[in-house]
There are 2 protein chains.
Amino acid sequence: MNLKELSNRLKLSQTTVSRALNGYPEVSADTRRRVAEMAEKLGYAPNSQARRLATGRSMAIGHVIPRSIHEMMNPIFLEFIAGAGETYSKHGYDMIISVVEDDHEEDAYRQIATRKKADGVIIHGPAANEGRHRLLREINLPFVVHGRIPGAETETSWVDMNNRRAFERATNLLLDLGHKRIALLNGLEHMDFARRRRKGFEDAMSARGLVPDTGIMRSSDMTEPYGCDNAMEMLKSDNPPTAFLVSSMISAIGVARAIGQCGLETGKDVSIITHDDALSFLPNSGEVPIFTCTRSSVRYAGQKAAELLLDHIAEPDRQVSSLHLDAELIIGQSTGPAPGR
Amino acid sequence: MNLKELSNRLKLSQTTVSRALNGYPEVSADTRRRVAEMAEKLGYAPNSQARRLATGRSMAIGHVIPRSIHEMMNPIFLEFIAGAGETYSKHGYDMIISVVEDDHEEDAYRQIATRKKADGVIIHGPAANEGRHRLLREINLPFVVHGRIPGAETETSWVDMNNRRAFERATNLLLDLGHKRIALLNGLEHMDFARRRRKGFEDAMSARGLVPDTGIMRSSDMTEPYGCDNAMEMLKSDNPPTAFLVSSMISAIGVARAIGQCGLETGKDVSIITHDDALSFLPNSGEVPIFTCTRSSVRYAGQKAAELLLDHIAEPDRQVSSLHLDAELIIGQSTGPAPGR
DNA sequence: AGTTAAATCCAAAGCGGTTTGGATGCCGGG
DNA sequence: CCCGGCATCCAAACCGCTTTGGATTTAACT
């Protein structure tokens, strides 16, 4: 069933039928109703390829993710995608995801632009020396960044949470509880978010005249064993930390496991604060959540980033605009006063 | 830069240029080279919408996932997607993901078919009373199932792992170690995979004349707290289990946490066997993995399911065909002889 | 040399929509 | 009664590619 057949059945021209269905004013209310009814009855829906070709808009947003196991192929990414996807479908956009070899990333973006596969893209996981925004500007592909690109904060549109502040507040909470020896289990520090988190931690420490001990600061992919192994090693050392500041629930669970294996009690002997992205399969809710955390829904960030991008596509010569989300600081069971205080 | 401009520059017809680029034989090697060079130089790539319209194939595979928080929006899904995505990009296909409200799922599939958004789809998470395969057959949309549809195993193409056998073997391992009181922390049992796992557990038990105690069998979304809370409750009961059979690493981590909090030792006082989907952010590897597990890479399953689907699209009147994967049984640190034996 | 087959290349017709630039009919006002 | 203007509707061009059915040139064979 295509436009032609439908308009034949209605004894109307394709033009009129098309206009009727797309809400143009040049068609009487009566005809519009007739058309809508017949379309419904015959189950007509316009072929997207044809429409896209005619309008020149692909009505799709691209997400290219490098195949590498690092960082991106993680549940946080999924949750973001889920949020963005909700926004897309609400606005009639498709989401297309390209999993590419790491060294084909640039190529993937170029393909999207030249083959007109998508009307815009979202940049995931900006790193320290980021170049994707320049490429995208060069090939004239609208984009929004999830996170911030160091040095390009004012010239790009982004959605990010206040990583520095979140970790600063978390650190202050620990300091207020009397902890002085605080370990940092950070994400990969070539990623922008991890740098900011570290900054927040260091700022809070030095504001109280403390010097962060790099001996108990780590940076890696945020897996469960990463949390467990490093916590274990530190706890068994001569001068163990009394608190852990962790970048992800997943690793925090590992830290908790290590604490348990050392015969210690989380929240009493050792404290943990983690960042909580509010992942659906790792709920940290309830009256008093298991983990004290800084929480910010990455799914919500996905929704907002998508909205921003769609706005930009609709009005191309609009100012860049960004959204800075604040994380909540939530007191759970995993923190307590420093021992011996 | 489009075909017309390119062919003008080359003083050739669009036909010839198109054929040269698409590897048709009716063009001399010399011309082909010239065309390729010029296309490269001018950065030409065919507009996908136009090509799709002309060929009638959308060169995309759809994945529709309900917005609901249950099951689907989980890391296992992501890992599957990642695997499938690799296959797609290798074959020049796009992956389009639709996040839809639960009650719009059918509608989403129909849209894909009538608007020609994708050439095929993958069915995720088949449940007990599954109807999607009938719908897809009705609207004539090729598909492959990840998992199996009860009652339709022979008439549909699917990729699944041998859930029943995996859990049977896992249970036997525990029984061989002398465990008699074994708890089952299963996934949602309206899902097919969870039913099969339960079957495997029950089969193994009754083969040794044991009757599974439904008092220590649970079924839910596989979160971390699910594992911890239920394990905690059981361990504190009058007649605690000596071993746990768990459906997911995530919940198994929760179980381990509960064991630790009870002052017991995993692999000594209490054993755990979990299914391990080989998620990248939950590595369970090393010489002796932390968890004894049945392991089957869901990423691999994604690759294979995608290959199967692309095959079906290429040769529509081909037999249905399926792939039954076997899980490895891997001995880790989380199992040991039943206490007092 | 004449004929045929093979090798190249091309004009034009789709694919299924949207959109431009009229055409037609009906109305009230002068 | 005639004309301008509004409300409707339509024919045809166009989006950028693939593909059919020929046309033309070249090579090969009798």
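All values below come from the heavy atoms of this structure, side chains included, with hydrogens, waters and symmetry mates left out.
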OP1 or OP2 of [N] versus the side-chain N and O atoms of [X]: is any pair under 4.0 Å?
X: B/Ser18; N: D/dT18; answer: yes
X: A/Asn2; N: C/dC15; answer: no
X: A/Ser13; N: D/dC9; answer: no
X: B/Thr55; N: D/dT18; answer: no

To the nearest Å, give me how far apart [atom1] ([X]) and [atom2] ([N]) are.
X: A/Gln14; N: C/dG17; atom1: CD; atom2: C1'; result: 8 Å
X: B/Lys4; N: C/dA12; atom1: NZ; atom2: P; result: 13 Å
X: B/Glu26; N: C/dC9; atom1: CD; atom2: C1'; result: 10 Å
X: B/Leu53; N: D/dG16; atom1: CG; atom2: C1'; result: 9 Å
X: B/Met59; N: D/dC17; atom1: CE; atom2: P; result: 16 Å

Exercise for the section: Measure from the side-chain N and O atoms of A/Asn47 to the backbone N and O of A/Gln49, and report whether any donor-acceptor pair falls under 3.5 Å. Expected result: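 Yes; at least one donor-acceptor contact below 3.5 Å.
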Practice task
Kindly say whether B/Gly151 contributes a backbone atom to a donor-acceptor pair with the side chain of B/Glu153 at under 3.5 angstrom?
Solution key: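 Indeed, once roles are kept as given, a pair shorter than 3.5 Å links the two residues.
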Exercise for the section: Nearest-nucleotide wise, let me know which of B/Ala54 and B/Val27 is further upstream toward the 5' end of DNA chain C. Expected result: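 Its nearest nucleotide lies further toward 5', so the answer is B/Val27.
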[X] bridged to [Y] by N-O distance under 4.0 Å:
X: B/Arg134; Y: B/Glu155; value: no
X: B/Asp107; Y: B/Arg110; value: no
X: A/Arg52; Y: A/Asp94; value: yes
X: B/Arg34; Y: B/Glu37; value: no

Practice task
Quick one: label A/Lys11 by what it contacts on the DNA or RNA (base, sugar-phosphate, nothing), any heavy atom closer than 4.0 Å.
Solution key: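 Sugar-phosphate: the residue A/Lys11, judged by heavy atoms under 4.0 Å, touches backbone atoms but no base.
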Handout entry: Upstream residue (5' side of DNA chain D) when B/Tyr24 and B/Gln49 are each assigned their closest nucleotide
Key =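 With B/Tyr24 and B/Gln49 compared, the 5'-side residue is B/Gln49.
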Practice task
Determine the minimum heavy-atom distance between B/Ser58 and B/Asp119, stating which atoms define it.
Solution key: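 The answer is N-OD1, 2.9 Å.
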Distances for protein N or O near nucleotides 21-25 of chain D N or O, under 3.5 Å:
| from | atom 1 | to | atom 2 | distance (Å) |
| --- | --- | --- | --- | --- |
| D/dG21 | O6 | B/Arg19 | NH2 | 3.4 |

